[in-house]
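Written below as structure tokens is the structure these notes are about.
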Amino acid sequence: MKTDQNFADNAALALKNGANKLGDAVDSMSNNAHRGLDAAEDAASESLNNAKHSAEQMLARGEAAFERFGAKASDYAERGLNSAKHAAEEVGSNAKGLYNRYSDATCSYVAENPVRSIVISAAIGATVTALLMSALQNRR
């Protein structure tokens with residue numbers, strides 16, 4: 001019977017050792033799983049932080065680009081306005097010059113040829129009057 005008792009004690013001890021080893025293995029696997037989850041959480045957090053940082057950098061670059069674009073657009077608009085103003089002043093100056101030149105030429109012609117100027121003025125007046133009368137009669 002002692003052999004049976006020894007056998008039962010050995011079997012109980014072996015089961016107890018096996019259960020302890022199994023418990024240690026389960027604890028080790030649980031710890032590894034927790035470490036794996038922590039590492040995955042850290043990696044995900046780092047990835048999210050990197051993505052956020054990249055987005056902030058892209059936003060800052062975009063804002064800087066828009067500011068440069070706005071400054072250039074403003075500069076081009078100012079240049080265009082100055083060019084248009086200069087061109088308008090030049091055209092106005094040329095128009096005044098032409099007006100003065102033709103006005104002086106007309107005054108000189110009238111002073112040199114007063115009778116001819118009156119006849120030409122009368123002919124132009126008569127022609128304009130005839131055209132207006134004709135247009136009015138056609139409307140009726």
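Small disclaimer: the values here were computed from a predicted structure and weren't measured.
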message = Tell me whether Ile124 shares a hydrophobic cluster with Leu132, the cluster being built from Ile, Leu, Val, Met, Phe, Trp, Tyr side chains joined at under 4.5 Å.
response = yes
request  = Please check if Val128 and Ile120 belong to a single hydrophobic cluster, counting links between Ile, Leu, Val, Met, Phe, Trp and Tyr side chain heavy atoms closer than 4.5 Å.
outcome  = yes
inquiry  = Whether the side chain of Asp75 engages the backbone of Ala71 through a donor-acceptor N/O pair (distance < 3.5 Å, no angle test) should be reported.
reply    = no
Pairwise distance CG(Leu131) to CG(Leu136) - rounded to 0.5 angstrom = 11.0 Å
request  = First locate atom OH of Tyr102, then atom OH of Tyr109, and finally report the distance between them rounded to the nearest 0.5 Å.
outcome  = 16.0 Å
key: side-chain contact (heavy atoms from CB on, under 4.5 Å) assessment of Glu56 paired with Leu59   = CA-CA 5 Å; Glu56 288 171 349; Leu59 180 63; 5.6 Å; no
message = Less than 4.5 Å apart, side chain to side chain, heavy atoms only: is that true for Thr129 and Met133?
response = yes
query = Roughly how far apart are Asn50 CG and Lys52 NZ, rounded to 0.5 Å?
reply = 12.0 Å
request  = Would you confirm whether Ser45, through its side chain, and Glu41, through its main-chain N or O, come within 3.5 Å as a donor-acceptor pair?
outcome  = no
message = Measuring from atom NE2 of His86 to atom CZ of Arg79, what distance do you get when rounded to the nearest 0.5 angstrom?
response = 15.5 Å
task = Output the distance between atom OG (Ser54) and atom CE (Met58), rounded to the nearest 0.5 Å.
result = 7.5 Å
query = Does Ser108 use its side chain to pair, donor to acceptor, with the backbone of Asp104 at less than 3.5 Å?
reply = yes
message = Could you check whether atom CD of Gln57 has more than 12 heavy atoms from other residues, nucleotides or ligands sitting under 6.0 Å from it?
response = yes
message = Could you measure the distance from the NZ atom of Lys96 to the CG atom of Leu98? Nearest 0.5 Å is fine.
response = 13.0 Å
message = Donor-acceptor pair, distance only, cut-off 3.5 Å: does the side chain of Ser134 make one with the backbone of Ala130?
response = no
